[in-house]
Amino acid sequence: MRNAEVVKILQDIADLLELKGENQFKIRAYQRATRSIEHFPQSVEQLAKEGRLNDIPGVGEGIGKKLNELFSTGHLKYYEELRSQFPSGTSALLDVPGIGPKTAIKLSGELGISSLSELEEAIQEGKVASLYRLGDKIAQNIEHHLKLLRSKENRIPIGVALPVAENVISSLKSSPVINLTTAGSLRRFKETAGDIDILGTSDRCEEVLNTFAHLPEVKEILALGETKSSVIVAPDLQVDLRVVPHDSFGSSLQYFTGSKDHNIKLRERGRRQGLKLSEYGITELDSGITHKFTHEEDFYHWLGLSFIPPELREGQEEIELAAKSSLPHLLELSNIRGDFHVHTDWSDGQNSVEEMAVAAKDMGYEFITITDHSRGRGVAHGLDEERVLKQLERIREVEGRVGIHILSGIEVDIRADGNLDLPDSVLSKLDVVIASVHSSFSQDRDRMTKRMLSAVENSQVDILGHPSGRLLEEREEVALDFETLFSACKETKTVLEINCQPKRLDLKDSYIREAIKAGVKLSLGSDAHSISQLQYMHFGVGIARRGWCESKHVLNTLSFEEVRQWMKEKVCAPLSI
DNA sequence: GCCGTTTTCGGCCCGACTGTTTTCAGTCG
C-alpha cells in the first residue's frame, strides 16, 4: 500500500472524528500522524514489516496497531465503523473553507446534504441561509468558496508564489509600514504554498491594511480586520497580510512563520516552563509579565534555544537540537561556487555558451558546467557524438576568453532499458556526465530501480539528474527504491542532483535528508535554459536547507580543482547490491 | 491518541475574524 493511500485513510479518520465531536486532542493526534506520513520518505508498509512504525513521529501504540491491521488484512474495522456512522459525503463538506464539523453536521443532518453539488443546490434554494445561526452572508461565503475550490489549482509552486509575494510587498512600500517580509510556508521555503503570508509592522495598522485590501491587483476581499486582512489576487491566489506594532515584530514573525507543528511543540515546551508564547511575546504565567521581541533571534535565545532557521521549523527534532546548540550549519547561497547543470543553444537553451559563461562569471561563480541534452532528446536538438566533440572545442575556446572555469559536460538520457544515449568512448572525453530519465516514467518500481542502478554503475556517470522525475503539481515522481539507490550512489561515489528548477526541486527535501544520512554527496544544478534561469540556484539552496543540507554535503562549495579531482574518483567496481 | 528537562498519567497553543447574536459560536491558521 502506498503512503498516499495511508494518508487518505488517516485523514478521513481525523475528519470523521471531527464530525463526531471527538476529543480534539485525539483528532490532532491523527492529523499529526497524517502529516508525518505525508512527508515520510520511506514506505510505511515496509516500516511496518520491520516493526518500526514508532520511528514515525506521532505514530504510537494506537495508530500503529491500526496501521498493522490495515497492512495485514487490507481493511480497518475502526475506519469502517466510523464511516458507517455518517452519510457518505459528509466529510467531503469539510473541504470547503468556512465549513467546519458543526456546520457539516447541520447541513447533513437537517438538510440531508451529502455532496458538494447538493450543497450548491441547497444554497441556491435558500435552505442553507435559513438554518439556525447561519444566514445569507455565511451561505454566500460558502457558495463562494465552493466555486473557488472547483476552479482552483492545487497548491502553488514556490516559483509562482514568491514573485507574487514580492510584488505585493513592493506595492505596499509607499504605505506607513516597515519590516515587510514573507512568512508562513513561503518563508520556510516549502516547495508549494497554500496561500501567501506577508507580515509587516506599523503604528498605523488599519491604514496599511486598508491600502492592502484595495490594491489594484486585489480581486476580492475575504477579511479585513484590525491586524489582518485576507484577499484574493489574480489568478485566484489568497494573500494574507498581518500588521503588528513594531515592538512585537520578532514574536510575530516567529509565530506567523510556523509551521503549526513547530509552534505547538514550542508552546508546549514553554508551558512546561510556566510561559505563554504568542505573537505578542512571551508571558511569564506567575507574574503576568510579557516580554516583547523586536528580533526573532532574541525570541529563540530568550527561550534558551539557538536560532532555528525557518526551513527547519517543521516540528521534527529541531527544537531539541536547538536546546543543545546542535543544529546543523545550513548551506547558504553565498557558499555556492559554481553550477553543475546548464543548457545552451547547442540544444534547447536560449543563450550561447559564451553568454552563459559571462553571466555565471558576473554572478561571482568560479566555474560552470555546460550540460546540453544528448541526441535522444530529438525535440531538444540533443547532441550526437560529432557535435559533443565540436562543442568541447568551443567550450575550451570560450573558457580562455571569458575567464571562468568551464567544465565540459552532457545531460545524457538513460534509456528505458538502462543504457545510456551516448557511448562511453564519447562520455569519457567530458568532465561531467549527468545521466537523467526523460522517458518511460511509468515503469514499475523494479524496472525503474534497475534502470537507475545501471546508470549509477556506469563509470562514466558522475551525477544522476533530477532523480525522482517529478514535476510539481503535474507529474508524480517515478516508482523507485530510493534506499537502494542511495546506497548504490554512496558505494560508487555517484552524486545525486538537486535540480533547482522551481517546477522540479528534485530531489525533494525529505529525500535530500535521507540521502545525506546515507552518506551520498549532492550537487545543485540550476538546469538553466537561459541566463535569467541561472538564478534558480536560490530555489535549490532553499530546498537543500529544508533537507538539513550543510555546505560540506554539496559539491558546489568545492573549488574548481577539487571538483575535477572528485570527478576522477568515481568508483568503477561493479556493485555488490 | 501521543508523549515526557516534573510526568508512564495528565496534560495537550493561542488569538483573530466574521456573522449572528445581544454575549458568543464557529472557523481558521
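Convention: sequence-line order gives letters A, B, ...; per-chain numbering from 1. This is a predicted model, so every value here is computed, not measured.
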For this session: Would you tell me if any nitrogen or oxygen in the side chain of A/Y280 comes within less than 4.0 Å of OP1 or OP2 on B/dA16?
Result: yes
For this session: Indicate, with a heavy-atom threshold strictly under 4.0 Å, whether A/K65 touches base, sugar-phosphate, or nothing.
Result: nothing
Exercise. Do the side chain of A/S36 and the main chain of A/P57 share a donor and acceptor less than 3.5 angstrom apart?
Worked result: yes
For this session: Check every strand shown and say whether A/Y30 touches a base, only sugar-phosphate, or nothing at a heavy-atom separation below 4.0 Å.
Result: sugar-phosphate
Exercise. So what does A/S230 hit on the nucleic acid, given a heavy-atom distance under 4.0 Å: a base, only sugar-phosphate, or nothing?
Worked result: nothing
Problem set entry | Value in whole Å for how far the C1' atom of B/dG1 lies from CG of A/L82 | 13 Å
For this session: Starting from P on B/dG29, measure out to CG on A/L222 and report it in whole angstrom.
Result: 10 Å
For this session: Kindly say if A/R271 contacts the phosphate of B/dC12, meaning a side-chain N or O under 4.0 Å from OP1 or OP2.
Result: yes
Exercise. Should we count NZ of A/K503 as having more than 12 external heavy atoms under 6.0 Å?
Worked result: no
Exercise. For A/I27, which contact category applies under a 4.0 Å heavy-atom criterion: base, sugar-phosphate, or nothing?
Worked result: nothing
For this session: State whether the number of non-hydrogen atoms from other residues, nucleotides or ligands found under 6.0 Å of A/D55 atom CG is greater than 12.
Result: yes
Problem set entry | Sugar-phosphate only, base, or nothing, as touched by A/Q24 at under 4.0 Å among non-hydrogen atoms | nothing
For this session: Go through B/dG29, B/dG19, B/dT27 for me and flag the one nearest to the A/K260 side chain.
Result: B/dG29
Exercise. When you measure from the side chain of A/D195, which nucleotide among B/dT7, B/dA16, B/dG29 comes out closest?
Worked result: B/dG29
Exercise. Reckon A/R272 touches a base, only the sugar-phosphate, or nothing at all at heavy-atom distances under 4.0 Å?
Worked result: base
Exercise. So what does A/Q273 touch, heavy atoms closer than 4.0 Å: a base, only the sugar-phosphate, or nothing?
Worked result: nothing
Exercise. At under 4.0 Å between heavy atoms, what does A/I99 touch on the DNA or RNA strands: base, sugar-phosphate, or nothing?
Worked result: sugar-phosphate
Exercise. When the distance from CD of A/Q31 to C1' of B/dG1 is rounded to whole Å, what number comes out?
Worked result: 12 Å
Exercise. Salt-bridged, A/R513 to A/E317, with N to O below 4.0 Å?
Worked result: yes
For this session: Describe the nucleic acid contact of A/K276 in one word from base, sugar-phosphate, nothing, applying a heavy-atom distance below 4.0 Å.
Result: sugar-phosphate
Exercise. Taking atom types as modelled and ignoring hydrogens, do the side chains of A/N210 and A/E206 form a donor-acceptor contact shorter than 3.5 angstrom?
Worked result: no
Seminar exercise, completed: Rounded to whole Å, CG of A/D261 lies from C1' of B/dC12 at a distance of 13 Å
For this session: Give one of base, sugar-phosphate or nothing for A/D136, where a contact means two heavy atoms less than 4.0 Å apart.
Result: sugar-phosphate
Exercise. Phosphate oxygens OP1/OP2 of B/dC13: is one of them under 4.0 Å from a side-chain N or O of A/R269?
Worked result: no
Exercise. What's the closest nucleotide to the A/A223 side chain, out of B/dT18, B/dA16, B/dG19?
Worked result: B/dT18
Problem set entry | Atom-to-atom span, NZ of A/K106 to C1' of B/dG19 - whole angstrom | 12 Å
Problem set entry | Spacing of the C1' atoms in B/dT20 and B/dG26 (rounded, Å) | 11 Å
For this session: Take atom CZ of A/R133 and atom P of B/dT27, then tell me their distance rounded to the nearest Å.
Result: 11 Å
Problem set entry | Interatomic distance where CD1 belongs to A/I282 and P belongs to B/dC13 [whole Å] | 16 Å
Problem set entry | Side-chain donor-acceptor contact under 3.5 Å, A/N263 with A/Q254 | yes
